[in-house]
Amino acid sequence: MRHLIIIGSGPAGYTAAIYAARANLAPLVIASSVEFGGELMKTTEVENFPGFPEGIMGPELMERMQQQAERFGAEIVYDDVVALDLTGDIKRVTLGDGSVHEAHAVIYATGSAYRKLGIPDEDRLSGYGVSWCATCDGAFFRQKKVAVVGGGDSALEEATFLTRFADTVYLIHRRDSFRASAAMQDRAFADPKIQVIWNNAVEHIYGDEKVTGIGIVNTVDGSETTLDVQGLFVAIGADPRTHLVHGQLDLAPEGTIEVQGRSSRTNLRGVFAAGDVIDPTYKQAATAAGSGVVAALDAEHYLAELEDGALAVAASR
């Protein structure tokens, strides 16, 4: 029986692990078999995380967080959670290898998953020209033409990164303005390799074995254009990973896990949530890390109350 299990290994999960480990809770971190480290593992230079004035690569930042958590006694397991039972006093976490781990408290920090376009051949050509990660796949498109779909920071960052490899990067957005930060927009507009295509949406992906082109439709007049590209990078946002807790934890209207006020407490005692899985608005590494701090402290206080209660019961006998 463990004090605490943390599900997720992004900035929220690892920060919670650091705080929990320093509180001698010996947390078990379920880090996933594939997506350990969270979305920052797929990010290039992180310039806005406090303490790194020159910036730091996303994977390096997550590696440092992991090392810091392990230094204080956190245990990391690289497997996937397949089932959760959070309703009782003892929380049970079942992993892909069939093992079941029990704890008095759980911090749920699974982050979010990339959103898809939902058009034909998107899944079929995934890995064959369709990608959600420029840092993972950008090097395969040297001296080629690619397209990036989206209008937020992630899309503009993907487009800028891809200019290191591709000859031309089409940046396609369904509206006539970006919602990305001013700094990201300035960088994209100044890059001669990036061609912005406003008021268009990707409706078709062409190619038998690999992507050979895309069909875009003008959102104003309905006209369609074909672009000859060899890569399509989708950067249209992400959805919180809540599928494991449906029917157990209450969700907010935005689809994120609902917590009480500024705390990490969910509707179930002993279950706490942190990071992008509770945040429909900011979705930043720094805010996720701060959320992880809150969750660890909430869990620590909860466990202390449990221990005090057990001592009180023992003293009354």
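In this text, all values refer to a predicted model and were calculated from it rather than measured experimentally.
Leu249 and Ile5 fall within a single hydrophobic cluster, where Ile, Leu, Val, Met, Phe, Trp and Tyr side chains are chained together by heavy-atom contacts under 4.5 Å. Hydrophobic clustering (ILVMFWY, side-chain heavy atoms < 4.5 Å, transitive): Val149 and Tyr114 are in one cluster. If you chain together hydrophobic residues whose side chains sit under 4.5 Å apart, Val81 and Leu86 fall into the same group. Hydrophobic clustering (ILVMFWY, side-chain heavy atoms < 4.5 Å, transitive): Leu28 and Ile76 are in distinct clusters. The hydrophobic cluster containing Ile107 does not contain Leu268, counting ILVMFWY residues as joined when their side-chain heavy atoms lie under 4.5 angstrom apart, directly or transitively.
Between the Gln185 side chain and the Ala180 main chain, a donor and an acceptor come within less than 3.5 Å of each other. Between the Thr160 side chain and the Glu157 main chain, no donor and acceptor come within less than 3.5 Å of each other. The closest donor-acceptor contact from the side chain of Gln68 to the backbone of Glu63 lies at 3.5 Å or more, if one exists at all. No donor-acceptor pair under 3.5 Å is formed between the side chain of Arg174 and the backbone N or O of Asn199. In this structure a side-chain-to-backbone donor-acceptor pair under 3.5 Å is missing from Glu102 to Met1. Without hydrogens or angle criteria, Thr266 side chain to Val271 main chain gives a donor-acceptor distance under 3.5 Å. Ser291 places no side-chain N or O within 3.5 Å of a backbone atom of Ala274 that could act as its donor or acceptor partner. A donor-acceptor pair under 3.5 Å is formed between the side chain of Asp279 and the backbone N or O of Tyr282.
In this structure, Lys283 does not pair ionically with Asp276, as no charged nitrogen and carboxylate oxygen lie closer than 4.0 Å. Salt bridge annotation for Lys116-Glu122: absent, with no cationic side-chain nitrogen under 4.0 angstrom from a carboxylate oxygen. Under the 4.0 Å criterion applied to side-chain N and carboxylate O atoms, Glu75 and Arg2 are assigned as salt-bridge partners.
At least one side-chain heavy atom of Leu25 sits under 4.5 Å from a side-chain heavy atom of Leu303. Put simply, the side chain of Leu84 reaches to within 4.5 Å of the side chain of Val245, judged on heavy atoms. The shortest side-chain heavy-atom distance between Lys144 and Leu162 does not fall under the 4.5 Å cut-off. Counting heavy atoms from C-beta on, the side chains of Thr242 and Leu251 come closer than 4.5 Å. Residues Pro11 and Leu40 have side chains in contact (heavy-atom distance under 4.5 Å, counting atoms from C-beta outward). Between Leu117 and Ile236 there is a side-chain heavy-atom pair separated by less than 4.5 Å. For the pair Val259/Arg265, no side-chain contact is recorded, criterion being any heavy-atom separation below 4.5 Å from C-beta on. The shortest side-chain heavy-atom distance between Ile257 and Pro240 does not fall under the 4.5 Å cut-off.
In terms of heavy atoms, Pro50 sits closest to Ala286 at CD-CB, 4.1 Å. Across all their heavy atoms, Asp239 and Arg115 have their closest contact at OD1-NH2, 2.9 Å. Asp167 and Lys193 get closest at one heavy-atom pair: O-CG, 3.6 Å. When all heavy atoms of Ala238 and Ser112 are compared, the pair lying nearest together is CB-OG, 3.4 Å. Closest of all the heavy-atom pairs between Ile278 and Ala273 is CG2-CB, 3.4 Å. The two residues Ala17 and Val29 make their nearest non-hydrogen contact at CB-CG2, 3.7 Å.
Annotation: Lys145, atom NZ; neighbour count of heavy atoms from other residues, nucleotides and ligands within 6.0 Å does not exceed 12. In Arg175, the CZ atom is not crowded: 12 or fewer heavy atoms of neighbouring residues, nucleotides or ligands sit closer than 6.0 Å. Heavy atoms from other residues, nucleotides or ligands lying under 6.0 Å from CG of Asp89 number 12 at most. No more than 12 heavy atoms of other residues, nucleotides or ligands lie within 6.0 Å of CZ in Arg71, so this atom counts as exposed by the packing criterion. When the shell of 6.0 Å around OH of Tyr128 is examined, it contains 12 or fewer heavy atoms from other residues, nucleotides or ligands. No more than 12 heavy atoms of other residues, nucleotides or ligands sit less than 6.0 Å from atom CD of Gln143.
Distance check: Leu4 CG to His104 NE2 gives 11.0 Å after rounding to the nearest 0.5 Å. Annotation: the span from Met57 atom CE to Phe52 atom CZ amounts to 13.5 Å, rounded to 0.5 Å. Gln67 CD to Arg64 CZ: the interatomic distance, rounded to the nearest 0.5 Å, is 8.5 Å. Ile7 contributes atom CD1, which lies 11.5 Å from atom NZ of Lys91 (distance to the nearest 0.5 angstrom). The structure places CG of Asp97 at 10.0 Å from CG of Asp80, a figure rounded to the nearest 0.5 Å. Atom OG of Ser9 is separated from atom CD1 of Ile30 by 10.0 Å, given to the nearest 0.5 angstrom.
Scored by the salt bridge (Lys or Arg N to Asp or Glu O under 4.0 Å) test, Asp137 finds no partners at all (sequence neighbours excluded). Checked against salt bridge (Lys or Arg N to Asp or Glu O under 4.0 Å), Glu258 has no partners two or more places apart in sequence or in another chain. Scanning for ring-ring contact (aromatic ring centres under 6.0 Å, His included) contacts around Phe165 gives Phe161, with sequence neighbours left out.
Checking Ser181 against Asp153 by side-chain atom types alone, a donor-acceptor pair falls below 3.5 Å. Between the side chains of Asp228 and Thr226, no donor-acceptor pair of N or O atoms lies under 3.5 Å. Looking only at atom types and distance, the side chain of Asp191 has a donor-acceptor partner in the side chain of Thr163 under 3.5 Å away.
For the ring pair (Phe, Tyr, Trp, His ring centres under 6.0 Å) condition, the pairs that include at least one residue of residues 55-92, sequence neighbours left out, are Phe36-Tyr78. Under the side chain to side chain donor-acceptor pair (under 3.5 Å) criterion, the residue pairs touching residues 14-27 are Tyr14-Gln66, with sequence neighbours excluded.
Each of Arg187, Arg179, Met184 was checked for a side chain to side chain contact (heavy atoms under 4.5 Å, CB included) with Leu156, and the lone residue meeting it is Met184. Screening Thr219, Asn218, Leu227 for a side chain to side chain contact (heavy atoms under 4.5 Å, CB included) involving Asn200 leaves a single residue, Asn218.
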Quick one, Leu95 with Val93, criterion side-chain contact (heavy atoms from CB on, under 4.5 Å). Give me CA distance, side-chain angles, the key distance, then yes/no. CA-CA 7 Å; Leu95 303 186; Val93 181; 4.1 Å; yes

Give the intermediate values and the outcome of side-chain hydrogen bond (donor to acceptor under 3.5 Å, both in side chains) for residues Asp79 and Ser33. CA-CA 4 Å; Asp79 204 340; Ser33 62; 5.2 Å; no

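Relative orientation of the His173 and Trp198 rings is perpendicular, given thresholds of 30° and 60° on the angle between their planes.
Ring centers of Phe141 and Phe233: under 6.0 Å apart, within the cut-off.
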Using distance only, find each side-chain donor-acceptor pair of residues 203-216 under 3.5 Å and give its atom names and separation, not counting sequence neighbours.
unit_1 : atom_1 : unit_2 : atom_2 : d
Tyr206 : OH     : Glu224 : OE2    : 3.4
Thr212 : OG1    : Tyr206 : O      : 3.3

